[in-house]
Peer 1: 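Sharing a structure with you now.
When reading the values below, keep in mind they use all heavy atoms of this one structure, side chains included, and skip hydrogens, waters and symmetry mates. First listed ligand is number 1; within each ligand, the first listed atom is number 1.
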Amino acid sequence: MEKLIGRNLNISIFISGRGSNLLSLIKHSKIKNSKIKINLIISNNKFSKGLEFAKKNKIKYHIIDYSKKKQAENKILGYLRKNEIDLICLAGFMKILSSDFIKKFKNPILNIHPSLLPKYKGLNTHRRAIENKDKFSGATVHLVTPKLDSGKIILQKKIKISKIDTEKTLAKKVLKIEHKLYPAAIEKFLKSLVFKEKV
Ligand code: GRF
């Protein structure tokens with residue numbers, strides 16, 4: 001028999017650096033009625049500033065040595081299982097998850113990307129938008145699949161690029177909208193999920 005999971009789903013955030021999206025998600029998780037419950041933080045970088053937010057907010061974290069990818073991913077899968085993680089949210093995680101990892105985890109994985117996908121997959125999104133004289137940029141939250149930055153789009157927010165914008169000013173503007181977009185996208189996604197457990 002199966003019954004719907006009545007609890008808030010357990011979320012793990014993966015980071016590599018600054019962690020400003022992680023911080024905005026932590027803040028959001030503290031809002032009354034928020035469905036976001038961060039149980040575990042994974043970082044491939046022991047110097048990630050985001051780890052300070054984990055410590056300050058007493059959220060469990062693990063630093064993963066990525067020198068051997070397969071071993072690193074197996075270690076992460078062990079932690080995810082142990083902490084009963086239902087959803088992974090990548091927030092500036094600079095490693096590409098293998099298709100084997102995605103298959104073995106079984107549950108959904110979300111990512112936030114600083115462009116209006118499907119435009120500008122990969123790196124240097126702001127530089128490319130400025131060089132192409134685009135009128136708009138933005139950010140996208142999407143499902144992670146083995147194909148880089150190509151999974152189903154959950155939510156997207158558009159902003160205007162002004163004539164005087166540089167790569168740096170545009171990055172700042174986009175990051176600001178990311179901090180609202182990611183929590184909203186996760187809440188939207190969680191609402192759409194029907195998780196069942198065996199009883
Ligand atoms: C963000 O721009 C995000 O879209 C991209 O990496 C950056 C991470 O920033 N995937 P932060 O570490 O959350 O500050």
Peer 1: Verify whether one side chain among Asn21 and Glu178 offers a donor that lies under 3.5 Å from an acceptor in the other.
Peer 2: yes
Peer 1: Just the distances, no angles: every ligand 1 N or O to protein N or O pair closer than 3.5 Å, one line each.
Peer 2:
{"unit_1": "ligand 1", "atom_1": "2 (O)", "unit_2": "Glu178", "atom_2": "OE1", "d": "3.3"}
{"unit_1": "ligand 1", "atom_1": "2 (O)", "unit_2": "Glu178", "atom_2": "OE2", "d": "2.9"}
{"unit_1": "ligand 1", "atom_1": "4 (O)", "unit_2": "Ile112", "atom_2": "O", "d": "3.4"}
{"unit_1": "ligand 1", "atom_1": "4 (O)", "unit_2": "Glu178", "atom_2": "OE1", "d": "2.8"}
{"unit_1": "ligand 1", "atom_1": "4 (O)", "unit_2": "Glu178", "atom_2": "OE2", "d": "3.1"}
{"unit_1": "ligand 1", "atom_1": "9 (O)", "unit_2": "Arg18", "atom_2": "NH2", "d": "3.0"}
{"unit_1": "ligand 1", "atom_1": "10 (N)", "unit_2": "Ile112", "atom_2": "O", "d": "2.9"}
{"unit_1": "ligand 1", "atom_1": "12 (O)", "unit_2": "Gly19", "atom_2": "N", "d": "2.8"}
{"unit_1": "ligand 1", "atom_1": "13 (O)", "unit_2": "Ser20", "atom_2": "N", "d": "3.3"}
{"unit_1": "ligand 1", "atom_1": "13 (O)", "unit_2": "Asn21", "atom_2": "N", "d": "2.9"}
{"unit_1": "ligand 1", "atom_1": "13 (O)", "unit_2": "Asn21", "atom_2": "ND2", "d": "3.0"}
{"unit_1": "ligand 1", "atom_1": "14 (O)", "unit_2": "Arg18", "atom_2": "NE", "d": "2.6"}
{"unit_1": "ligand 1", "atom_1": "14 (O)", "unit_2": "Arg18", "atom_2": "NH2", "d": "3.3"}
{"unit_1": "ligand 1", "atom_1": "14 (O)", "unit_2": "Ser20", "atom_2": "N", "d": "2.8"}
{"unit_1": "ligand 1", "atom_1": "14 (O)", "unit_2": "Ser20", "atom_2": "OG", "d": "2.5"}

Peer 1: Is a side-chain donor-acceptor pair under 3.5 Å present for Ser137 with His126?
Peer 2: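 There is no such pair (donor and acceptor under 3.5 Å, judged by atom type) between the side chains of His126 and Ser137.
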Peer 1: I'd like to check the ring-ring contact (aromatic ring centres under 6.0 Å, His included) partners of Tyr79; sequence neighbours left out, ordered by chain and number.
Peer 2: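 Tyr79: ring-ring contact (aromatic ring centres under 6.0 Å, His included) contacts with His62.
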Peer 1: Using the test side-chain hydrogen bond (donor to acceptor under 3.5 Å, both in side chains), find all partners of Ser43 that sit at least two apart in sequence or belong to another chain.
Peer 2: none
Peer 1: Just to verify, what does Phe53 make a ring-ring contact (aromatic ring centres under 6.0 Å, His included) with, not counting sequence neighbours?
Peer 2: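 Checked Phe53 against ring-ring contact (aromatic ring centres under 6.0 Å, His included); zero matches.
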Peer 1: So, Lys75 and Asp65, do they make that salt bridge, N to O below 4.0 Å?
Peer 2: no
